[in-house]
Amino acid sequence: MFIKIYNTLIRILYPLVISRYIKKRKENGKEDIKRFNERIGRPTMKRPEGKLIWFHGASVGESISMLPLINKLLELYPTAHVMVTTGTLTSADIMGRRLPERAFHQYITIDNPVFTTRFIKHWQPDLVLWFESDFWPAMLSCIKRKNIPLILVNGRISNKSFKRWQQFDFISKELLSCFTFCLGQSEEDAYRLRVLGAKDSMCLGNLKYAGLPIPIDEQAKSELQKEIGDRPTWLVGSTHNDEEVKIGRKLKAIEEQTPNLLTIVVPRHPTRGEEIQTALKELGFNTALRSKGEKITPKTEIYIADTIGEMGLWYSLCPIVFIGGSLIPHGGQNFIEPSRMRDAVLVGPYMHNFTDAMNRAKKADAIIQVSDAEELKDMVIQLLTNKDLLEAKRSLAYNWANAENKVLDGILGKIKGYIQE
C-alpha cells in the first residue's frame, strides 16, 4: 500500500515541486547536463546483447567496492555485460575510468515511476545487485513487478537508521519484500535486516575487504618521488572540515622530532583545497596546492592534493596514513585500502561507519586508533622515529587486509545461481 501511495504522490509532485529541486541541482553543477536524459530513463546507449547484470551504488566507496565482484563475474561469464549506476558526478567519473571491458556506467534515474519504468523496459537486466543503503520505492517496486532477481549486497543498517525504521516497520517490510535476499555487511546488519522485514538475510562478510589494488599513475609517482627525495613523508587522507586545522595545530611538534618532514593532505572533497590552504597558511605553514600545479619544493611543509582518483598514488608514496572523518563525529572513511597497500594506518575515535571492520582489525592489531589530535601527534612521532615499530605495523595491516579477501568467494557462490546461462 505504501509503495502505491508513494508512486501516486511522486507523479503528482514531480512537476510541481521535485522538478524545481532538480533544476537547482543543475544550476549548482550537481547534475551532468550532457547526460541528464539518463536521469529520466531515456538512455542514448543501446542495451548490449546477452546477459546484463546491473550493479547500483550511491557513493564512491560503494562503487569501488563493486569492482572485485564485477571483474570476477565478467571472468566467469564471458558473454555477459555489466551496467553500473550511480548518482553523483564524482562516482561517475571514477567508474568511467576504472570499469573493465564489457562494463559501462549510467546515472540512476530520478525515483519517479514513469522514469523507472522506462529505465527497466530499456535495459531489461537479468539480475540486480543493490549496494545502496537507500531504498528507492519506485525503482525497487518496478524491479519486483518485472520478476527480476534483486539482491542487496553489503547491506548496512546504522543504529540511527534501525531505530527510525522500527517506527515505520510497515514501510520497511514492504520495501525489503522487493529483495530476493539480503547480504548484510556484518551479522548485526543481517539481524537488523531480518527484524525490519527481509525474508532472507545473512552475512557472508564485507565486500569492501575484497577490494582490487588501487590504480597508480607510475609517471606521476616518479615525478613526485623526485620532488620529495628522501624526505620523511606521511599522509593525512580523506579529511573533512576542521580535521586539517586540528592536525595542523600539532604538526610543528611532529616536525621538531622529524626534521624535513613532508605532510600530504588529501581532502575527502577536493573542492575544499583552497580553503584548506588558506587555513594552514594562517597556522604558519608553507603549502603547495596540486590543483594549481604547484610543485613540492624543499620549503614545502604541506602538500594539498585536492584531486580525484589519485588515492593509490598517495598510499604508495606514504608509509604512514591517517584516515579522516574520524577526528570528528562523521564515522570514518575506508581504512582497508591503505592497509592493503602495506601502510601503517591510524584513525581517530569516531569510526562507527566501520564498526565490524574495526573490531576485526583491532583483533589482528592491524589498526592504530587514537583518541584525539594530541594522541595522533604522539603516535605519528613514534612511527616516524622508530623504524622497527613502523615496519611491524605495516606488516600487520597488510597481512590482515589480504586475509579478508576470502569474502568474495562466499558472495560469488551465493549469487551465481541467479545468473542463468
Side-chain angles (χ1 to χ4, degrees), residues 2 53-59 61-70 72-73 127-137 139-141 143-144 148-211 331-336 351-364 367 400-401 403-419:
F2 162 75
I53 306 167
W54 169 23
F55 285 67
H56 172 66
S59 71
E62 289 163 348
S63 303
I64 291 174
S65 72
M66 301 172 181
L67 290 169
L69 187 56
I70 290 172
K72 199 69 178 177
L73 284 171
L127 170 65
V128 184
L129 302 177
W130 195 270
F131 282 70
E132 187 178 359
S133 56
D134 288 333
F135 304 143
W136 298 104
M139 181 60 83
L140 296 184
S141 61
I143 294 169
K144 181 182 180 181
I148 302 167
L150 171 62
I151 301 169
L152 178 65
V153 183
N154 253 30
R156 180 176 173 273
I157 305 293
S158 67
N159 291 334
K160 185 177 179 181
S161 295
F162 186 52
K163 291 175 183 177
R164 185 176 68 248
W165 277 118
Q166 282 184 303
Q167 297 174 20
F168 303 97
D169 61 344
F170 65 97
I171 296 177
S172 68
K173 286 177 181 177
E174 191 170 350
L175 290 173
L176 287 170
S177 72
C178 296
F179 289 94
T180 308
F181 66 86
C182 301
L183 296 176
Q185 281 189 16
S186 66
E187 293 293 349
E188 181 69 17
D189 290 310
Y191 165 76
R192 289 175 175 178
L193 285 164
R194 285 194 295 273
V195 169
L196 293 176
K199 51 192 173 186
D200 186 1
S201 177
M202 68 189 73
C203 173
L204 297 175
N206 190 334
L207 194 58
K208 287 184 178 179
Y209 294 150
Q333 301 294 160
N334 190 339
F335 67 90
I336 301 161
M351 286 297 292
H352 46 270
N353 290 341
F354 296 85
T355 301
D356 180 57
M358 281 294 295
N359 289 339
R360 295 163 77 100
K362 283 181 177 178
K363 190 174 181 181
I367 192 78
W400 168 76
E404 293 292 338
N405 274 341
K406 297 174 184 176
V407 64
L408 180 61
D409 293 333
I411 293 176
L412 193 63
K414 180 66 177 174
I415 67 175
K416 279 198 309 186
Y418 293 88
I419 305 172

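Note that the coordinates shown come from a computational prediction; the quantities given were computed from them, not determined experimentally. All residue numbers refer to positions in the sequence shown, counting from 1.
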Handout entry: Side-chain (Ser141) to main-chain (Pro137) donor-acceptor, under 3.5 angstrom
Key = yes
Handout entry: Any donor-acceptor pair under 3.5 Å from Arg194 side chain to Ser201 backbone
Key = yes
Taking every non-hydrogen atom, the tightest pair across [X] and [Y]:
{"X": "Ala190", "Y": "Met202", "result": "CB-C, 3.6 Å"}
{"X": "Phe354", "Y": "Gly331", "result": "CD1-O, 3.9 Å"}
{"X": "Gly57", "Y": "Ser63", "result": "O-OG, 4.2 Å"}
{"X": "Thr180", "Y": "Asp200", "result": "O-CB, 4.2 Å"}
{"X": "Glu174", "Y": "Phe2", "result": "OE1-N, 3.0 Å"}

With a 4.5 Å limit on heavy-atom distance, are the side chains of [X] and [Y] in contact?
{"X": "Phe135", "Y": "Leu176", "answer": "yes"}
{"X": "Asn206", "Y": "Val407", "answer": "no"}
{"X": "Leu127", "Y": "Ile148", "answer": "no"}
{"X": "Leu204", "Y": "Lys414", "answer": "yes"}
{"X": "Trp400", "Y": "Ile367", "answer": "no"}
{"X": "Trp54", "Y": "Ile143", "answer": "yes"}

With rounding to the nearest 0.5 Å, note down the distance linking [atom1] in [X] to [atom2] in [Y].
{"X": "Ser172", "Y": "Phe170", "atom1": "OG", "atom2": "CZ", "result": "9.0 Å"}
{"X": "Leu152", "Y": "Phe179", "atom1": "CG", "atom2": "CZ", "result": "5.0 Å"}
{"X": "Leu129", "Y": "Asn154", "atom1": "CG", "atom2": "CG", "result": "11.0 Å"}
{"X": "Leu196", "Y": "Gln166", "atom1": "CG", "atom2": "CD", "result": "6.0 Å"}
{"X": "Ile336", "Y": "Met358", "atom1": "CD1", "atom2": "CE", "result": "10.5 Å"}

Exercise for the section: Output all residues satisfying salt bridge (Lys or Arg N to Asp or Glu O under 4.0 Å) with Arg360, sequence neighbours left out; order by chain, then residue number. Expected result: Glu404
Handout entry: Partners meeting salt bridge (Lys or Arg N to Asp or Glu O under 4.0 Å) with Glu188 (sequence neighbours left out)
Key = Arg192
Practice task
Give a yes or no on this: more than 12 heavy atoms of other residues, nucleotides or ligands lie within 6.0 Å of atom CZ of Phe181.
Solution key: yes
Exercise for the section: For Trp136, check side-chain hydrogen bond (donor to acceptor under 3.5 Å, both in side chains) against everything at least two apart and list the hits. Expected result: Glu132
Handout entry: Ser186 and Asp189 side chains, donor-acceptor separation under 3.5 Å
Key = yes
Exercise for the section: Classify the ring geometry between Trp130 and His56 as parallel (under 30°), tilted (30 to 60°) or perpendicular (over 60°). Expected result: tilted
